[in-house]
Amino acid sequence: MKKLFLLFLTLPCLFLYSQNQNIKLASDIWPPFSNVEGEKGFALELVKEALLRGGIQMDLTITGFDPVMEGIIDGTYQGSPTLWKTEDRENYLLYSEPYLENRLILVGRKGSDVSAKSLSELKDKRIAIISGYAYGSSVYTNLDVILIPGKSDQGNLEKLLTFKADYMLVDELLISYLLTYQLNDIRKFLEIGKEAFLVQPLHFAILKDIPDAQKIIDGFNNNIIKMMSDGTYNKILELNWIQSDVDGDGVLELVLHGDSAGKNAPASYYKLMTETAMTKSNDRYYINGEIYNGWQVVPAKYKTDIIKAANMNNSPSSGLKLKF
């Protein structure tokens, strides 16, 4: 009887432990994807939520990128919420499916030609970039352009508007914010490129040798899929419309946050992924758990003036709003 009593005492403790597993992760400062505590880091929030749904707490350290990778290799950290996939890293890391993308867009002053598809087409042009940002070697080794490093997108915008730079490279996530919250400023001051210079999928990755590594990755992938369809992505990214495949049928849908869709079909939205074999469709809408094939069949109750809803929170809490 005593042994049985002790067993009953032990089982709840084991259950609580399994439901509250901690995992030590590290990331560098990489706005708007990752940042120090108190500043918005969208990728960190998405990974944290996906792990919490699997009963896993993220114990996060923010440091430089080199210390992140060195710490993972020596076992100080068990992985990272924000990594690009490389052949070398796949030898010791398990990667999740991509959950976001890093996409760099060319931005110029109003009237500028932003049709270039590579930096080689911008010979001798001054390109404003952010110091320390993970642009990739193709940017830093390009000798045809003049790179002008800055501390922030706001600072680079000021250089652009005061003719101290010809263009700036901006992540498409920020462009989506500008189109959502500052459309009039965009139309007045800026030209936005339509094709990304760089596309890199973002992954959550952990060491292969940690307990239940594959189970953690599988659970993460499943939770990410659910978050794309239940409004969590929209809420964390602070965007009204995102594009993803919510029902797994290979066709992309536009997913609404809330129930205020606007009077007209959305003119802009954020694509979660660009490199995909899925059928692209801009005329399938996912609203409150239902898919509507065509704007004309979206119920009138959802076609509320989206501007009124936006005025309730006219500025995103992320702090990504730029001053023109």
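Within the structure, salt bridge (charged side-chain N to carboxylate O under 4.0 Å, His left out) pairs that include any residue of residues 188-205 comprise Lys110-Glu191, Lys117-Glu195 (at least two apart or interchain).
For the atom pair OH (Tyr99) and CE (Met273), the distance works out to 9.0 Å, reported to the nearest 0.5 Å. A distance of 6.5 Å separates OH of Tyr302 from CD1 of Ile287, quoted to the nearest 0.5 Å.
At least one test fails for Arg103 against the ring of Phe197: distance under 6.0 Å to the centre or angle within 45° of the axis. Remark: Arg284 is not positioned above the aromatic ring of Tyr292, lacking an NZ or CZ atom under 6.0 angstrom from the ring centre and at most 45 degrees off the axis.
Every residue two or more places apart in sequence or in another chain was checked for a ring pair (Phe, Tyr, Trp, His ring centres under 6.0 Å) with Tyr92, and none qualifies. Remark: Arg126 pairs with Asp166 by the salt bridge (Lys or Arg N to Asp or Glu O under 4.0 Å) rule, at least two apart or across chains. With sequence neighbours excluded, no residue forms a side chain to side chain donor-acceptor pair (under 3.5 Å) with Thr63. The side-chain contact (heavy atoms from CB on, under 4.5 Å) check on Gln57 picks up Asn20, Asn22, Leu52, with sequence neighbours excluded. Partners of Glu45 under the salt bridge (Lys or Arg N to Asp or Glu O under 4.0 Å) rule, at least two apart in sequence or in another chain, are Lys40. Asp59 meets the side-chain contact (heavy atoms from CB on, under 4.5 Å) test with Lys24; sequence neighbours excluded. A search for side chain to side chain donor-acceptor pair (under 3.5 Å) contacts involving Asp259 returns nothing, not counting sequence neighbours. The side-chain contact (heavy atoms from CB on, under 4.5 Å) test applied to Glu49 returns Arg53, Met227, Thr232, Ile236, not counting sequence neighbours. Arg187 pairs by the salt bridge (Lys or Arg N to Asp or Glu O under 4.0 Å) definition with nothing, not counting sequence neighbours. A search for side-chain contact (heavy atoms from CB on, under 4.5 Å) contacts involving Ser118 returns Ser120, Glu121, not counting sequence neighbours.
Under a cut-off of 6.0 angstrom, the local environment of NZ in Lys125 is sparse, with at most 12 non-hydrogen atoms contributed by other residues, nucleotides or ligands. No more than 12 heavy atoms of other residues, nucleotides or ligands sit less than 6.0 Å from atom NZ of Lys48. More than 12 heavy atoms of other residues, nucleotides or ligands shown are found within 6.0 angstrom of CD on Gln296.
Annotation for Leu83 and Tyr95: closest pair CB-CE2, 4.3 Å, computed over non-hydrogen atoms. Taking both residues in full, the closest heavy atoms of Glu253 and Val251 are given as OE2-O, 2.8 Å, listed atom of the first, atom of the second, then distance. Minimum interatomic distance between Gly108 and Tyr167 (heavy atoms only, all atoms of both residues): CA-CD2, 3.8 Å. Heavy atoms only, all atoms of each residue included: Ser244 and Leu272 are closest at CB-CD1, 3.8 Å. Here the closest non-hydrogen pair linking Val255 and Ser229 is CG1-O, 4.5 Å. Across all their heavy atoms, Ser268 and Trp241 have their closest contact at O-CB, 4.3 Å.
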Taking only distance into account, with no hydrogens and no angle test, what donor-acceptor pairs under 3.5 Å do side-chain atoms of residues 199-216 form with protein atoms, sequence neighbours excluded?
unit_1: His203; atom_1: ND1; unit_2: Ser96; atom_2: O; d: 2.7
unit_1: Lys208; atom_1: NZ; unit_2: Glu90; atom_2: O; d: 2.9
unit_1: Gln214; atom_1: NE2; unit_2: Asp218; atom_2: OD1; d: 2.9

Practice problem: Verify side-chain contact (heavy atoms from CB on, under 4.5 Å) between Leu178 and Asp185, making sure each step is shown before the conclusion. | Solution: CA-CA 8 Å; Leu178 297 179; Asp185 289 329; over 6 Å; no
Quiz prompt | Worked verdict on Leu190 versus Arg109 for side-chain contact (heavy atoms from CB on, under 4.5 Å) | solution = CA-CA 5 Å; Leu190 300 179; Arg109 290 183 298 275; 5.6 Å; no
Exercise. Report the C-alpha separation of Thr86 and Asp88 in whole Å, then their side-chain angles, then the decisive distance to 0.1 Å, and conclude whether the side-chain hydrogen bond (donor to acceptor under 3.5 Å, both in side chains) test is met.
Key: CA-CA 5 Å; Thr86 67; Asp88 175 61; 5.2 Å; no
Practice problem: Start with the C-alpha distance between Ile62 and Asp28, add both sets of side-chain angles, then the distance that settles side-chain contact (heavy atoms from CB on, under 4.5 Å), and finish with yes or no. | Solution: CA-CA 5 Å; Ile62 297 294; Asp28 58 338; over 6 Å; no
Self-check item: Step-by-step side-chain contact (heavy atoms from CB on, under 4.5 Å) determination, Asn234 to Leu239
Solution: CA-CA 5 Å; Asn234 303 66; Leu239 294 171; 5.7 Å; no
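Donor-acceptor pairing under 3.5 Å is recorded for the side chains of Ser34 and Ser27. Judged by distance alone, the side chains of Asp283 and Asn293 never bring a donor and an acceptor atom under 3.5 Å apart.
Taking the six-membered ring for Trp, Tyr285 and Trp295 have ring centres closer than 6.0 Å.
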